[in-house]
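Comments concern the structure below.
Naming: A, B, ... by sequence-line order, numbering from 1 per chain.
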Amino acid sequence: MSFTLATWNINSVRLRENIVAKLMQEEAPDVLCLQECKSPVDKIPLEQFQALGYTHMVARGQKGYNGVAILSKLPMQEVSAYDYASLGHARHIAGQLENGVTIHNFYVPAGGDVPDREVNEKFGQKLDYLTDMRDAFHADKPQKSILVGDLNIAPREDDVWSHKKLLKVVSHTPIEVEHFGQVMDSGDWSDVTRNDIPEGQLYSWWSYRARDWDAADKGRRLDHIWATPDITNAGHSSRILRDARGWEKPSDHAPVFATFDL
DNA sequence: ATGGTCGCATCGCGA
């Protein structure tokens with residue numbers, strides 16, 4: 001079988017119900033992973049999504065902040081939802097398809113403004129969250145698994161508009177990139193997006209604060225799709241739907257896609 | 001060097 005998966009930080013699923021539906025109608029991924037739903041699970045507007053064929057959902061939510069959901073046209077069962085770093089935040093949910101593939105959906109903490117855990121508690125929480133992820137995947141090696149989400153780190157020089165200017169900016173600092181690499185190594189994860197698109201600038205997020213995000217193009221690749229070695233070769237057709245950043249009342253993130261033939 | 005824009009638990013905070 002073949003299925004297409006997308007990951008999208010939606011920045012309020014209730015406010016953006018209509019562009020989620022637009023994505024479902026126009027792109028029709030089989031599995032859609034959302035982050036920053038900013039909604040309790042029982043207030044996610046499921047009916048419209050179900051009417052479009054997304055009859056399965058696994059999710060964790062809280063009022064106002066965070067929140068992750070996997071909407072699926074394919075039958076899916078919840079397998080876990082961990083509170084890494086014990087923050088009490090809804091930042092992870094995992095579901096399993098009938099073909100045995102597990103999908104982990106993450107919203108890693110953004111980490112605040114100052115990249116120093118001594119003066120900024122949120123930066124320490126981000127690093128601790130990544131360390132907990134690393135330890136969990138090290139202790140329990142994932143198999144037949146896909147990991148997606150807003151990981152809030154752009155690891156490569158060509159994942160940001162200016163490597164030099166962003167070296168001290170949270171999301172691209174060397175210590176974050178090192179933690180990111182340790183999470184990847186712990187699960188033998190490979191970067192499906194970069195396997196498919198190995199060269200060139202690639203972004204999935206553009207700040208709301210830019211005067212003209214499209215012309216300025218000061219983006220970062222914060223949203224990722226990874227796979228374990230047993231299925232990574234099945235991944236193909238990766239793309240980022242940049243157009244969605246220009247939709248009506250957009251999220252500041254664009255959806256990232258990959259297809260798996262399994 | 002600064003400020004810029006969003007969303008919501010809305011006049012403060014997180015992103």
Given B/dG14, is OP1 or OP2 found less than 4.0 Å from the side-chain N or O atoms of A/K122?
yes
In this structure, how many angstroms lie between the P atom of B/dA15 and the CD atom of A/E176, rounded?
13 Å
CD of A/Q35 versus C1' of B/dG14: gap in Å, rounded?
17 Å
Between A/Q62 (CD) and B/dG14 (C1'), how many Å, whole number?
12 Å
Nearest-Å distance, CG (A/D113) to P (B/dG3)?
13 Å
salt_bridge(A/D188, A/K141) N-O dist < 4.0 Å:
yes
Once you round it to whole Å, what is the distance between P of B/dA15 and NZ of A/K38?
9 Å
Side-chain N or O of A/R16 closer than 4.0 Å to phosphate OP1/OP2 of B/dG7
yes
I need the full list of side-chain hydrogen bond (donor to acceptor under 3.5 Å, both in side chains) pairs touching residues 70-87 of chain A, with sequence neighbours left out, sorted by first then second residue.
A/R60-A/E78
Looking only at atom types and distance, does a side-chain atom of A/R91 sit under 3.5 Å from a main-chain N or O of A/N66, one as donor and one as acceptor?
no
Would you say the side-chain atoms of A/E36 pair up with the backbone N or O of A/N11, donor to acceptor, closer than 3.5 Å?
no
Sugar-phosphate, base or nothing in reach of A/K218, heavy atoms under 4.0 Å:
nothing
Quick check on DNA chain B: between A/D150 and A/R14, whose nearest nucleotide comes earlier from the 5' end?
A/R14
Distance between C1' atoms of B/dG4 and B/dA15 (Å, rounded)
14 Å
Rounding to the closest angstrom, what is the interatomic distance between B/dG3 and B/dC8 at atom P?
26 Å
Determine, for A/D212 against A/K218, whether the closest basic-nitrogen to carboxylate-oxygen distance falls under 4.0 angstrom.
no
Check the distance between B/dT5's P and A/K249's NZ and give it to me in whole angstrom.
14 Å
Determine the interatomic distance between C1' on B/dT2 and the same-named atom on B/dG7; round to the nearest Å.
24 Å
If the C1' atom of B/dT5 is compared with that of B/dT10, how far apart are they to the nearest Å?
15 Å
Going by number, which of residues 205-212 of chain A have a non-hydrogen atom under 4.0 Å from DNA chain B?
A/Y208, A/R209
Could you pick out which residue, A/H253 or A/L15, lies toward the 5' side of DNA chain B when each is mapped onto its nearest nucleotide?
A/L15
Can you measure A/E36 atom CD to B/dC13 atom P for me and round it to whole angstrom units?
18 Å
A/W226-A/F180 aromatic ring centre distance below 6.0 Å:
yes
Grab the CD-P distance between A/E121 and B/dC13 for me, whole Å please.
14 Å
Is there a donor in the side chain of A/T193 and an acceptor in the side chain of A/S238, or the other way round, less than 3.5 Å apart?
no
